[in-house]
2 protein chains.
Amino acid sequence: MRGERTRQAVLDCAVSLASVEGIDGLSLARLAQTLGVSKSGLFAHWPDKQRLQLAIVEHARQQWIEEIVRPAMDSPAGLRRLWALHERRMAFYEAGTLPGGCFFAAVAPELDDRPGPVQDAVALANDAWMDLLERVAAQAIEVGEMRPGTDVGRLAFEIQALGEAVVVHSHLLRRGDSYAYSRAAVLDRLRGLATDPSILPEA
Amino acid sequence: MRGERTRQAVLDCAVSLASVEGIDGLSLARLAQTLGVSKSGLFAHWPDKQRLQLAIVEHARQQWIEEIVRPAMDSPAGLRRLWALHERRMAFYEAGTLPGGCFFAAVAPELDDRPGPVQDAVALANDAWMDLLERVAAQAIEVGEMRPGTDVGRLAFEIQALGEAVVVHSHLLRRGDSYAYSRAAVLDRLRGLATDPSILPEA
DNA sequence: AAACAATATGACCGACCGGTCGCTAATATT
DNA sequence: AATATTAGCGACCGGTCGGTCATATTGTTT
């Protein structure tokens, strides 16, 4: 179908725009204009704005999996995979794929106090990411690369915090060194927990 | 003047609302309605929305200084003061003073790609906070409480990241453990850098 | 080629946006 | 007590918001 092509084009553009304007601040007229289509044309594919927003969140989640999670899975299970998840995230941000840096970094603070289906979708995606970090960290313990007794929940929180902070730090404060800070902080933390730090890159 | 009283009331309410809705999403009609005043009454104090937004940012900055920075200054210069800054921040968030948790956590991601006077004001406030963290960290080195050679810029970034992440984590994902995670992460980090960890609280 | 659905358009709607204006009510000064 | 000034209100403006609808233009199927 040709409709599917435009559907993807709309979602691609919407994720980009939402990374800058937010998912609620993004107006349908503006989205349509950027795409060069008519505003009412959007309603041919989604019944209302909320359904479109849900599709946008899902699209952003797919992009996240495709560009960050999947490539990181090439690294061997354990500490190196955990590090790869963070490194791929940094690379994704640095590449400037999204003008706002990160869809979820822009949308999560916007929706964190506005209950509803869209918030649920974003929370679910965010939760899945946290779970992934925890699972990979737990694997690192299982394969003997990370010290037993490590609080994987807390470690996941730290990696997430150091990863997300880069977006605001580099865009608002225009400090390019935040990428290096974030990488060094996560790497040092992982090396400190490693049974054999030499499997991780140098600081 | 009586006008000054309402001015403060408006700004108080505006900071609260903006911590939820954002500073651009906050509409004048909604702000006026929440306060029980007429929308046009707001224009008696500020010429337009942007000027009001600038006043809101300044008010939030004052609140931050009053409730976090100033109390932390009671702690002795050095590591304990650095820890107090983070602890006061956690306490401020946990107290629920602002319904959205934090004004700057809500506003920074919203404005980080929208240049203009309001962005500049937020960036300036954020920068001042980062500078404060760095200065206090540098003091910790000077007084011999922290290992020389510590990258204070990076340490400030880490503390800021671990502090800000709590807001989204606790509100969007409704995970209460994020406060404990954040405290433990910062405390462990500081103890690792301390020449005498015993001056800091137990983990 | 005809028929039919999927895809897109432009005109239009009520609601709300930021902002203006003329006016009234409260306050401060004399 | 009279006056000058500030504080605040209600009505209204052009513009944009999300959303509807009748209609035209595709693309596919027979």
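Residue numbers start from 1 in every chain, and the chains themselves are labelled A, B, ... in the order their sequence lines are given, proteins ahead of strands. Just the heavy atoms: all of them, side chains too, but no hydrogens, waters or symmetry mates, feed the values below.
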Under 3.5 Å: donor-acceptor pair, side chain of A/Q53, backbone of A/I23: yes
Taking only residues two or more places apart in sequence or in another chain, which ones pass ring pair (Phe, Tyr, Trp, His ring centres under 6.0 Å) with A/H169? B/F157
Only pairs at least two apart or in different chains count here, so list each ring-ring contact (aromatic ring centres under 6.0 Å, His included) that has a residue in residues 95-148 of chain B. B/W64-B/W129
Neighbours of DNA chain C within residues 38-45 of chain B, by heavy-atom distance under 4.0 Å: B/K39, B/S40, B/F43
To the nearest angstrom, the CG-C1' distance between B/L31 and C/dG18 comes to 13 Å
Separation of B/E4 atom CD from C/dT27 atom P, in whole Å? 16 Å
Nearest heavy atoms of B/L26 and B/K49, plus distance in Å: O-NZ, 3.0 Å
Anything under 3.5 Å between a protein N or O and an N or O of nucleotides 27-29 of chain D, put it in a table, one pair a line.
none

Please report the distance, rounded to the nearest Å, between CG in A/L28 and C1' in C/dT9. 16 Å
Does one side chain, of A/Q160 or A/E164, offer a donor that lies under 3.5 Å from an acceptor on the other? yes
Backbone N or O of A/E67 within a donor-acceptor pair of the A/R88 side chain at under 3.5 Å? yes
Closest-nucleotide ordering on DNA chain D, the 5'-leading residue of A/S27 and A/P47: A/S27
Contact residues, residues 48-56 of chain A to DNA chain C [heavy atom, < 4.0 Å]: none
Can you check the A/Q33 CD to D/dT16 C1' distance for me, whole Å? 12 Å
Please assess B/D74 against B/R80 for the test salt bridge (charged side-chain N to carboxylate O under 4.0 Å, His left out), listing each intermediate value before the final yes or no. CA-CA 10 Å; B/D74 291 343; B/R80 280 161 296 190; over 6 Å; no
Comparing nearest nucleotides in DNA chain C, the 5'-proximal residue of the pair B/A29, B/R5 is B/A29
Identify each donor-acceptor pair in which a side-chain atom of residues 130-139 of chain A lies under 3.5 Å from a protein atom, sequence neighbours left out, and give them as a table.
none

Contact class for B/L26 vs. all strands (heavy atom < 4.0 Å): base, sugar-phosphate, or nothing? sugar-phosphate
